[in-house]
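In what follows, a single structure is set out as C-alpha cells and then discussed.
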Amino acid sequence: MDKTLENVFKCFDKDFYTVMKNIKANINEVRIRSDKPVVLYIKNKPYFILKNSDIIPLEKLGTTNNYVIVTFASLKNAFAGLCEYSIYKHQNDINNGFITVRGGHRIGICGTAVNNTNNIKSVIDITSMNIRIARQYIGCSEIFLKSINIKKGVLICGVPSTGKTTLLRDLSRTLSENYYEKVSVIDERSEISSTFNGKSIFDMGLCDVYCNYPKSKAIIQAIRTMSPNLIVCDELTGDDIESVIYTINYGVKLIATVHCDNLNNALKNPSILSLLKTRAFGEIVFLESKSFCKIDKIYNLEDIEFD
Amino acid sequence: MIKYIGLLFIFVTSVLIGFSLNERLNDKIKILKSIKSLLQQFKIEITYQMPTLTQLFSECTDYNISQLTNNISENLKNGLTSEKSIINGIECSSCVSVLSKEEKYFITDVLSKLGTSDTDGQISLLENAVERIDYYIENAIEDKRKNSKVYMTASIYIGLVIIIVLL
C-alpha cells in the first residue's frame, strides 16, 4: 500500500488501519458508512472486509458477523484528520460533497448539510465516505494516442471509475515529455497531479500545472501567460463554455473529460451538447464502462451535425 | 564567619525570591502579548493562505512561545488529534506556567477550536480571542503595577528581618 493511502487509513482507528494495511488486493474504492460493514471495490466488484483482513463477496452477506465496521464517532474523527484538522482549507470542496487528500485520492462525503438561503454553508455529522483511490499507470495513454488525433482536440467520456483522470494524467506526461508539446494542466481539485507544497506526487512530465485554480480562470490565464499548445482539464461542464471558446480563438487544443456513457446521451445532455457545438473538439472518445482506461468507441465530430 | 555567610545567603535568597516573583509578572505580560500576536498571525494566514493546522504552528517564529508551538506542531506531525495535540502541548510547555488557570483554559479552548469551521468562523473566533487576550494583558499590567514594588520591597524587608531575628 503506498504511503499516501496509508496516511488516509491512519486517520481512522488503529484496528481499521491494521486491517486495511494487510489487504493485498488492488482496491479501487472503499465505501464507509457509519455503523455498517465497510465495502471495498476491487476491479469494480464489491466485497466486505473481515476483521482478519479477508475479503468476501457481497453475496456472502449474512454468513458471518465478523465484518469490519466503522462507528460514527470514528468516522467523525477520521474526517477531521483527513481535512488535516483544517476544515477552513477544504470548506469549498466540503460544500461540493468531497475532499481531495494527498495522493490525489478523492473522498466523497455525505452527512447533514447546514443550509443558508439555498446554499450549503457546511456539512456536519458525516455518515458516509467513498474513498476513490488514485493511481498512476505509466504508459496507459500509449494506445490511446495511437488511436486519436490530439491536434484536433479530444473529449473523453466515461462513467465514473473508467479511468478518465488516470488517462488524463498519463496523457499530460506523455505529450509533454515524449511529444514535446507545451501542455498546461488545469487541476481544479488537485486530483490529476496531487500537488502539495509545490510538489506533485504524480509524474507530470514537463507540464505546467494550475493547482486549485477555478477552471475557467485558469484556462484563460494559461493561454495568456504560458502559451500552451494543449490544455488538459477534467470534468468540463456547460459553465466553462466561454473559456472553451477562448481556446478556439487562440488556436489552443483542449483535452477534457465529461461524465457520459454513449453518444446518444451526450447529444441529449444540454451541457455536453453546448461544448460539442463550440467545435473545440475534433473527436469524442468513449471509454469502456466495465474496464479501466480502455477505449470503447471513437467518433469524428466533424462528421456530426448538431441541431 | 560561617554564621555571617549563612545570613548573607538567606538575605540574597529572599531578594532573589522577590525578584523572581517580579519577573513572573513581566513574563506573564510577554507571553500574553506573544499569544495575541500568534492569534493575529493565524488570522492573516488563514485569510490569505489557508495553511493546515500543522503548518500554522510550525511557522511560528516568536521565541517566547516557541516551546508551545513546537510541541503542538510535533504532536500533530506524530498523528495525535488536534485537541490532544493542543492540550498536551500546553501541559508540556513551561513558558505558559506563568498564566493563571483561567487564562490557560481559555487559550486551550481557542486553540482547540482552530480548524473546526470555515474561514469566516475562524476569523470571528480569532478576533474575539484577541479581544479577550487584550483584557488579560491589561489585568497583567495592572497586576505588575500594583505588586512589582511590593514584591521587591517585601523581599528585602523579610530578608533583613530574618537576619535581625537570627542575629
Side-chain angles (χ1 to χ4, degrees), chain A residues 3-4 6-14 16-18 21 73-96 99-103 109 111-116 119-126 189-190 195-199 211-214, chain B residues 38-60 68-90 107-130:
Chain A
K3 203 163 184 350
T4 59
E6 263 194 49
N7 290 339
V8 167
F9 295 127
K10 267 186 189 165
C11 294
F12 292 84
D13 60 42
K14 216 172 174 182
F16 183 71
Y17 167 64
T18 312
K21 201 176 171 194
S74 177
L75 198 57
K76 191 174 176 179
N77 291 337
F79 179 66
L82 289 165
C83 293
E84 295 174 285
Y85 305 104
S86 313
I87 300 271
Y88 52 82
K89 190 175 165 69
H90 299 273
Q91 194 63 58
N92 275 340
D93 289 345
I94 290 169
N95 293 348
N96 286 319
I99 55 173
T100 309
V101 298
R102 282 190 231 188
I109 53 169
T112 304
V114 175
N115 292 325
N116 179 12
N119 288 327
I120 298 172
K121 193 154 164 59
S122 69
V123 178
I124 58 172
D125 295 344
I126 306 294
R189 284 186 295 260
S190 194
T195 300
F196 184 78
N197 271 357
K199 286 187 191 152
C211 187
N212 287 350
Y213 282 68
Chain B
L38 180 76
L39 297 180
Q40 286 169 328
Q41 186 188 328
F42 282 178
K43 182 185 158 189
I44 293 169
E45 292 200 20
I46 288 172
T47 308
Y48 294 109
Q49 293 182 358
M50 293 210 211
T52 62
L53 204 62
T54 313
Q55 284 170 321
L56 269 180
F57 284 103
S58 311
E59 286 163 11
C60 172
L68 171 67
T69 53
N70 286 343
N71 282 349
I72 294 174
S73 80
E74 280 308 310
N75 288 339
L76 286 165
K77 284 176 192 169
N78 290 338
L80 284 180
T81 63
S82 63
E83 199 177 348
K84 281 187 184 151
S85 301
I86 283 155
I87 291 170
N88 181 272
I90 287 174
I107 288 162
T108 308
D109 188 51
V110 167
L111 295 181
S112 300
K113 287 187 173 129
L114 283 175
T116 59
S117 66
D118 63 2
T119 315
D120 291 340
Q122 296 288 279
I123 290 167
S124 193
L125 168 78
L126 290 166
E127 282 171 353
N128 289 338
V130 163

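Per chain, numbering begins at 1; letters A, B, ... match sequence-line order. None of these values were measured; they are calculated from a predicted model. Side chains are part of it too, since the values below use all heavy atoms of this structure and drop only hydrogens, waters and symmetry mates.
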Shortest non-hydrogen contact between A/Tyr88 and B/Met50, atoms and distance: O-SD, 3.3 Å
Which answer fits [X], side chain, backbone, both or neither, if we ask what part of it has an atom under 4.5 Å from a heavy atom of chain A?
X	value
B/Ser117	backbone
B/Thr119	both
B/Gln55	side chain
B/Leu114	backbone

Proximity breakdown for A/Lys89 and chain B, heavy-atom pairs closer than 4.5 Å: both
Contacting moiety of A/Phe196, where chain B heavy atoms sit under 4.5 Å: side chain
Option among B/Leu53, B/Leu80, B/Thr52 that satisfies the side chain to side chain contact (heavy atoms under 4.5 Å, CB included) test with A/Tyr85: B/Leu53
Check: B/Asp118 and A/Lys121 side chains under 4.5 Å, non-hydrogen atoms: yes
A/Gln91 CD to B/Asp120 CG distance, which is reported to the nearest 0.5 Å: 9.5 Å
